[in-house]
Amino acid sequence: MKAQLAIGFLIVLGSTVTAQEAPREIPLWPNGAPGFESRRNEPTIAKDYWVRNIHNPSITVYLPPKEKATGAAVVICPGGGHRELVFNAEGDDPARYLASIGVAAFALKYRLGREAGSPYSIEKHAREDGQRAMRLVRSRAREWSLDPNRIGMMGFSAGGEVVSMVAFNPGTGAANAADPIDRESCRPDFLIMIYPGPLGVPETIPADAPPAFLLVANDDGLAKVIISLLEKYRAARVPVEAHIVARGGHGFNMGNRSRLLSVHGWPQRMADWLADSAILNPSKATPENPRK
């Protein structure tokens, strides 16, 4: 049975990769990040599973095949402890999966506040990159055939902290900004939080917070973050779905390499939530499960 599941997954993944356009990378700011324009031409360093030395933050674009496109979109923030980005397993892999179910995905390379010699702050620069990524995607919604009211954020580990800093803070654009991208709202319409860290989680969740999908393993030291988020969401009466699998530890990514069925199959739970929440098809909203 496990062999059949693995073979089926490979077939689906292979068809997704060939069906998609080759992803392209777009800088968040054409002239470089504000205050660091002189460093925009410094190349990133990529090896094995990680990316470092990010001075020109960007999104990599993964659009679904037109016949599958739902109009929904997700900005993905990979983890890596703010020292590196686990870009292949927590950027590229989830983006390709989302595109395979009709969701446009945008994998973010944000600046790293804990990398050796970094001039960046997590609370300022990583947050700015997350906000700018949301605004950039929303500003090009027409070009990419997106619904500007169905653009969410997904974060793994430290990337979940970037999501929290964007989602739980004011996101209104500046109406008179010289750059039209900065006039857009950066507020995500929904959240997907995969074993997130604690930074950016507020004391209370506001009543207008985006609906959320939460996932963690019980034997992960960060399980308490998900439990706290769940309690705060319930107190605020904001729609939330939480999954705590028994085992899996920290950093199981999209579950591709796990032998645990609950971990290997978690992306389908996310896809079910997206469908049940009428994010994939707003016309399927019901009185029991309305779109916020």
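Since the model is a prediction, treat every value here as computed from it, not as a measurement.
- Leu274 has its side chain within reach of Leu98: a pair of non-hydrogen atoms, C-beta onward, lies under 4.5 Å apart.
- Taking the side chain as every heavy atom from C-beta outward, Leu112 and Leu85 approach each other to under 4.5 Å.
- Side-chain N/O atoms of Asn253 and Glu90 include a donor and acceptor closer than 3.5 Å.
- For Asp189 and Arg138, the salt-bridge test passes: some basic side-chain N is under 4.0 Å from an acidic carboxylate O.
- Side chain of Ser277 to backbone of Ile279: no donor-acceptor contact under 3.5 angstrom is found.
- Side-chain contact between Leu260 and Val245: absent, with no pair of heavy atoms (C-beta onward) separated by less than 4.5 Å.
- To the nearest 0.5 angstrom, Ser58 atom OG is 5.0 Å from Lys109 atom NZ.
- Annotation: side chain of Pro188 is in contact with side chain of Met134 (closest heavy-atom distance under 4.5 Å).
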Original post:
Can you list the steps and then say if Glu184 with Val137 is a side-chain contact (heavy atoms from CB on, under 4.5 Å)?
Top reply: CA-CA 10 Å; Glu184 299 284 347; Val137 171; over 6 Å; no
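- Looking only at side-chain heavy atoms (C-beta outward), Phe190 and Pro239 stay at 4.5 Å or farther from each other.
- Between Asp92 and Pro78 the shortest side-chain heavy-atom distance does not fall below 4.5 Å.
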Subject >> Test log, rule side-chain contact (heavy atoms from CB on, under 4.5 Å), inputs Ile244 and Leu230 >> reply: CA-CA 11 Å; Ile244 302 178; Leu230 175 60; 5.7 Å; no
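- For Phe213 and His243, the ring centers sit closer than 6.0 Å to each other.
- Between Glu42 and Arg39 there is a salt bridge, since a side-chain N of the basic residue sits under 4.0 Å from a carboxylate O of the acidic one.
- Within 6.0 Å of CZ on Arg234 lie no more than 12 heavy atoms contributed by other residues, nucleotides or ligands.
- A salt bridge does not link Arg132 with Asp129: every distance from a Lys NZ or Arg NE/NH1/NH2 to an Asp or Glu carboxylate oxygen is 4.0 Å or more.
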Original post:
Between Met193 and Ser164, does a side-chain contact (heavy atoms from CB on, under 4.5 Å) hold up when you go through it step by step?
Top reply: CA-CA 9 Å; Met193 305 285 266; Ser164 291; 3.2 Å; yes
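- Using modelled atom types, no side-chain atom of Glu115 and backbone atom of Arg52 make a donor-acceptor pair closer than 3.5 Å.
- Linking Ile, Leu, Val, Met, Phe, Trp and Tyr residues whenever their side-chain heavy atoms come within less than 4.5 Å leaves Val86 and Val263 in two separate clusters.
- Although no hydrogens or angles enter the test, the distance criterion places a donor-acceptor pair under 3.5 Å between the side chain of Asn53 and the main chain of Pro43.
- Close placement of the His55 and Tyr120 rings is indicated, their centers lying within 6.0 Å of each other.
- Note: the hydrophobic cluster containing Phe87 does not contain Tyr49 (ILVMFWY, side chain heavy atoms under 4.5 Å, direct or indirect links).
- The aromatic rings of Phe36 and His125 lie perpendicular to each other, with more than 60° between the two planes, well past the 30° mark.
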Subject >> Evaluation steps, side-chain contact (heavy atoms from CB on, under 4.5 Å), between Val216 and Phe252 >> reply: CA-CA 9 Å; Val216 73; Phe252 49 72; over 6 Å; no
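- Checking side-chain atoms of Ser118 against main-chain N and O of Arg114 turns up no donor-acceptor pair under 3.5 Å.
- In this structure the side chain of Asn256 reaches within 4.5 angstrom of the side chain of Asp93, judged on heavy atoms.
- Two different hydrophobic clusters hold Ile59 and Trp50 under the rule that ILVMFWY side chains link at heavy-atom gaps under 4.5 Å.
- The same ILVMFWY cluster, assembled from side-chain heavy atoms under 4.5 Å apart, contains both Phe106 and Leu280.
- A salt bridge between Arg111 and Glu128 is present, with a side-chain N of the basic residue lying under 4.0 Å from a carboxylate O of the acidic one.
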